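Since the structure comes first, as structure tokens, the remarks are kept for the end.
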Amino acid sequence: MSDASQPTSAGGPRLEGPSDPEHDPTASYALEPSYTEALTRRVRATSGRTVQVDTPLSGAPLAHVPQSTDDDVEEAFARARRAQDTWARTPLEARAAMMMRFHDLVLERQDEIIDLIVLESGKARKHAFDEPLHIALTARYYARTIEKHLATERKMGVVPGLTRVEVNRVPKGVVGIISPWNYPFTMALCDGLPALLAGNAVVAKPDAQTMLSALLGARLLDEAGFPQDLWQVVAGPGSEIGTSILQRADYVCFTGSTATGKIIAKTCAERLVGCSLELGGKNPLLVLRDADLEKAAEGAVRAAFSNAGQLCVSIERMFVADQVYDRFLDRFVARTKAMTLGATLDWGNDMGSLVSQAQLDTVVAQVDDAVAKGARVLTGGRARPDLGPYFYEPTILEGVTPDMTCFGEETFGPVVSLYRFHDEAEAVSRANDGDYGLNGSIYSQDGDRARAMAREIRCGTVNINEAFGATFASIDSPMGGMRQSGMGRRQGSEGIHRYTESQSVATQRLVRFAPMLGMSDETYAKVMTANLKIMKKLGRA
Ligand code: NAD
């Protein structure tokens, strides 16, 4: 359990408390109230209501987060619109310079950020580190490529030399960002950074369980020099405050479950505004017969148990070639058994807690269902209340069949099923089973063969000899889901162009698109037809 005397970077001494200090004088907060109050003041909220947030590490309270009303969301949009108007005229270099200051702040303040993420989500410190890392990568990438993505671009005109065409990237306006709890700092920010750089304002609604990490992100944006009203934060239940955002945003970026994603898509369709949806997965990993088994087993641990499996790109199904199955299994099980679990802020733990009772209940129900129907537990399979209220052991299952819930449903926990395959075409077809298509992974020492196989995998990202980090951290390339795993992409040019409208401006000189010099319509048609044939001969597109 956490060490009560150890100070956190997030502010003040960290204390242990069994219950709500508002009602129990013997209880105490896990973070200094003055620190969390400074963060929660950033929420636009006038309801007078607050929601208590507890740390999954021990159940101790962290803060009381003020709740927004529909009127607060209205006010957030009004302020964001005014700020956006000026912001859209701010030169690209000035926007990029602020983003680079934000990058530096994220690196300088990473201890504070990581402490808060660990306290709020219960994850292991090494998994929390991935969040400032990903945000720094995203900030640097878009700051350094802003001109490439957003500067006015020349295009081919229809009449060479006489039609000059330019494409402008016009910001959409105010972008609504609805994000989940699993990567509270990354998910609250990573889609918003390109939205800002593209000249938009943002109204963000982070998940209720992890508001503090998102609010620290907002504070760092303020400190980096972004106008405060450009990034609004509102708080409340998704079905209420999320809906308020959907009714006002000029574009919506949503990360969360497929079920909620469909509601978002429907509402956006009715208003004819665009949206991008980053949803769930039931991600497959393939170990081919020529894989380096040590590397594959090491990667498999990260693939399945990073953030206790509460990761959209986490691997929940592993297909292993017959020839190497037993040797891979021995290595994977041994590495998993050796993992250390703990509820502390230090670097020592290989895995932390699940975020909530609801997540724990899902994991327990899925494993119990599988075991009752005949699956074998190779390691794990138990909750660990001795470590913290929502801990569950990293779990490997064998003999999982289609009648078990965990066969096709996303677990979003530290549970992976192993399957043996005999031929590779069959493995690919089983990997493509189901409705999801987010992330896949292939272990093989033959890069060409693995890349050829990747083309057959119906997932938005495929990592070769890595779990998910290679694509996730390569910000220049798009990331997102096929099929029920999403719509649209974050990262790369798609990740910033989604926040802009393309506007074509053509300037015509000398000739016009109508008969000239007394020419009849018929002659004009003949001249144009001859012109088309010449253009084809000249090889013009
Ligand atoms: P969720 O859909 O329940 O909630 C996500 C967010 O949506 C929260 O902020 C919530 O308040 C809000 N919300 C809920 N109902 C809403 C509604 N009707 N209207 C508007 N907003 C609403 O998801 P969750 O269970 O909290 O998160 C886990 C899911 O997120 C998993 O399925 C996971 O795979 C997915 N996820 C995907 C990615 C990705 O990049 N593809 C990343 C992280 C998580």
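Positions are given from 1 along the sequence. Excluded from the calculations below are hydrogen atoms, water molecules and symmetry mates; all remaining heavy atoms, backbone and side chain alike, are included. All values reported here derive from a predicted model rather than from experimental measurement.
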Test side-chain hydrogen bond (donor to acceptor under 3.5 Å, both in side chains) applied to Arg169 - qualifying residues, sequence neighbours left out: Ser502
Shortest non-hydrogen contact between Ala38 and Arg219, atoms and distance: CB-NH2, 3.2 Å
Donor on one side chain, acceptor on other, Thr210 and Glu120, under 3.5 Å: no
Glu93: salt bridge (Lys or Arg N to Asp or Glu O under 4.0 Å) partners, not counting sequence neighbours: none
Counterpart residues, salt bridge (Lys or Arg N to Asp or Glu O under 4.0 Å), relative to Asp207 (two or more places apart): none
Residues which pass side chain to side chain contact (heavy atoms under 4.5 Å, CB included) with Ala63, listed by chain and number, not counting sequence neighbours: Thr36, Leu212
Main-chain N/O of Leu246 paired to Thr267 side chain as donor or acceptor, under 3.5 Å: no
Tyr183 six-ring centre to Lys123 NZ/CZ under 6.0 Å and within 45° of normal: yes
Backbone N/O of Asp72 and side chain of Thr46: donor-acceptor pair under 3.5 Å: no
Side chains of Thr395 and Leu397 in contact at under 4.5 Å (non-hydrogen atoms): yes
Electrostatic pair Lys172:Asp250 at N-O distance under 4.0 angstrom: no
Sub-6.0 Å ring centroid separation between His149 and Tyr499: no
Side chain to side chain, Arg248 and Asp70, heavy atoms closer than 4.5 Å: yes
Counterpart residues, side-chain hydrogen bond (donor to acceptor under 3.5 Å, both in side chains), relative to Asn307 (two or more places apart): none
Trp181 ring center near Phe412 ring center (under 6.0 Å): yes
Side chain to side chain donor-acceptor pair (under 3.5 Å) partners of residues 185-200, not counting sequence neighbours, each pair once: Asp191-Arg490, Asp191-Arg498
Lys/Arg N to Asp/Glu carboxylate O, Glu410 vs Lys282, below 4.0 Å: no
